[in-house]
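So you know, we letter chains A, B, ... as the sequences are listed, proteins then strands, and number each from 1. As the structure is a computational prediction, the values presented were derived from the model and not from experiment.
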Number of protein chains: 2
Amino acid sequence: MSDNKTSQDTRERILDVAERLFMAHGYEGTSMRMITGDAEVNLAAVNYHFGSKEALLREVFRRRLAWLNHERLHELDALEAEAGGAPLKPSQVLEAFFGTLLRMGENEALGGMTFLRLLGRTLTEPADFIRTFFAGEYAEVIERYKLALFRALPDVPKAEIIWRFHFMLGAMSYAIAGTDILQVVTGCELGDLSGEKAGERNAAKQLAARVMPFLLGGLRAPLPQFEGDAYQQQEMPLPKTA
Amino acid sequence: MSDNKTSQDTRERILDVAERLFMAHGYEGTSMRMITGDAEVNLAAVNYHFGSKEALLREVFRRRLAWLNHERLHELDALEAEAGGAPLKPSQVLEAFFGTLLRMGENEALGGMTFLRLLGRTLTEPADFIRTFFAGEYAEVIERYKLALFRALPDVPKAEIIWRFHFMLGAMSYAIAGTDILQVVTGCELGDLSGEKAGERNAAKQLAARVMPFLLGGLRAPLPQFEGDAYQQQEMPLPKTA
DNA sequence: GCTTGGTTCAAACGTTCGTTTAAATCATAT
DNA sequence: ATATGATTTAAACGAACGTTTGAACCAAGC
């Protein structure tokens, strides 16, 4: 074993530690000194390698989302090629979108459950630059899957599909990010999702088995009855952008 | 109109402003000076009236959760009394739990959508004292509704119900907190949920009409098939606490 | 009128924040 | 060996943070 530290090591060690600390304490709750301290690098190393704390957070996500985005598009391409122009089944679309995500949680080299939890939590972070960044990173993939869901559910109004896509994202984010909250709230163990007994691979697999039926049930639920003034339009409003 | 400011005014003005700013920027992202500046009170007023920034956040929630907890228990009591010992329908339980919440969003005096968004976002805040606080505030209500769901779904394993309760909380939190995120991501308007056209009352009603069928569909989805090593136990693990 | 207890005020406290600087160190190629 | 560019280092920067202080202010009771 050697104590040599190449600059590549420094960069990645910073990213790994930042990923874990941002997950545990949030963006504003994690200081540069916490990161550089845990990573055993000099305080100035972050600004030297990444430029700023904001840029560091972006890079933490970019190295993971690059794989996730590519994989999600690839899976959808493969399914659509196999279907030969026919609409996919809703379960196939969900499996491609959320299954890909959950497979990241099984693979330590892709960030494992740490990154999944970070992702789930960060989606609700209020900081403007974070939301702007995510919108840009996600736009293409979301658009593709949105269209796939439209085709998979031709009888469901498009606005309703978008709403339910939103609800599914929330259920998944929360399921991943807030595992321990529920344990506290319910006072119950929920199996070894905490990952200490059977490791994180099993945790992600268990979560998948639990959450996918729920999502599919919600997506395919009967359409709401609109009465009174609660809701007037059944069709999708005009898109704001192209 | 008078410029008289009683100390009661000061307290409530601080709470109102803090509620709005914590919602918009998160706990760590909101400084005391932002709060006292917007509320037009002296910087020291927060520590005088509440003791600390942490205590201020707790009080922001306490004044709203007192009503919400009471109302949720009251609704459940009424339903169970009406049922006369028979199990409730799942839709009744969800209507009592989430309908009560959404009714807060229609009532400006109870915090309106601002508090709902704050609640949804804060549930995923990583700070320890926040999670501890919520666990204590929520414990009794969650326990009651958990048991009601057990009775409403006698054929569903209890662990599965807890999981799905968790998923429903996530979908609802996300639906409330992250409205604008989805608009950015999808590039679509989703009706006037932003509340500028028809006001917040309608926003909450629309959301209710959209999300309740989704939740019910997820809650009543077919049970997952457990194959291989992904999941071994179908029954609920032993509770950690009483 | 004067005291009293609650409230507001400007000012400062010490700490921590993200960032910058300039020198020191390292790796590599001539 | 020495020059060069990349990296690391210790130290400091100004700003912002949550909190505290002690005097000023104000309404009510005697």
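Atom NE2 in A/His49 sits roughly 15 Å away from atom P in C/dT19 (whole-Å rounding). Rounded to an integer number of Å, the gap from CE of A/Met34 to P of C/dT19 is 16 Å. Here the C1' atom of nucleotide D/dA24 and the OH atom of B/Tyr48 are 14 Å apart, to the nearest Å. We find that CG of B/Asn47 is positioned 7 Å from C1' of D/dG18, with the value rounded to whole Å. A straight line from CD1 of B/Ile35 to C1' of D/dA16 spans 15 Å, rounded to a whole angstrom. The separation between B/Met32 atom CE and C/dT8 atom C1' is 15 Å, rounded to whole Å. As rounded to whole Å, 14 Å separates atom P of D/dT7 from atom CZ of A/Arg13. Rounded to whole Å, the distance from CZ on A/Phe50 to C1' on C/dT19 is 16 Å.
Considering B/Asn47, B/Leu15, B/Thr30 as possible partners of B/Leu56, the one that fulfils the side-chain contact (heavy atoms from CB on, under 4.5 Å) test is B/Leu15. Only one option out of A/Tyr138, A/Phe134, A/Phe22 pairs with A/Phe61 in a ring pair (Phe, Tyr, Trp, His ring centres under 6.0 Å); it is A/Phe134.
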Begin with the C-alpha distance, continue with both residues' side-chain angles, and end with the deciding distance and a verdict on side chain to side chain contact (heavy atoms under 4.5 Å, CB included) for A/Leu101 and A/Ile176.
CA-CA 10 Å; A/Leu101 180 73; A/Ile176 291 170; 3.9 Å; yes
Footprint string (nucleotides 11-16 of chain C, 5' to 3'): B base within contact, S backbone only, - free, heavy atoms under 4.0 Å:
-B----
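Against DNA chain D, the stretch residues 23-30 of chain B makes heavy-atom approaches under 4.0 Å through B/Thr30. At a non-hydrogen distance threshold of 4.0 Å, A/Ser52, A/Lys53 from residues 51-60 of chain A come into contact with DNA chain C.
The salt bridge (Lys or Arg N to Asp or Glu O under 4.0 Å) test applied to A/Arg144 returns A/Asp77, A/Glu80, not counting sequence neighbours. Judged as a salt bridge (Lys or Arg N to Asp or Glu O under 4.0 Å), and not counting sequence neighbours, B/Glu140 has no contacts.
Summarising the geometry, atom CG belonging to A/Leu43 is positioned 5.0 Å from atom OG1 belonging to A/Thr36; distances are rounded to the nearest 0.5 Å.
In this structure, the ring of B/Phe129 has its center less than 6.0 angstrom from the ring center of B/Tyr27. Between A/Phe97 and A/Phe165, the distance separating the two ring centers is shorter than 6.0 angstrom.
Between B/Phe167 and B/Trp163, the ring-plane angle classifies as tilted under the 30° and 60° cut-offs.
For the salt bridge (charged side-chain N to carboxylate O under 4.0 Å, His left out) condition, the pairs that include at least one residue of residues 28-38 of chain A, sequence neighbours left out, are A/Arg20-A/Asp38.
Taking each heavy atom of A/Glu71 and A/Thr100 in turn, the nearest pair found is CG-CG2, 3.4 Å.
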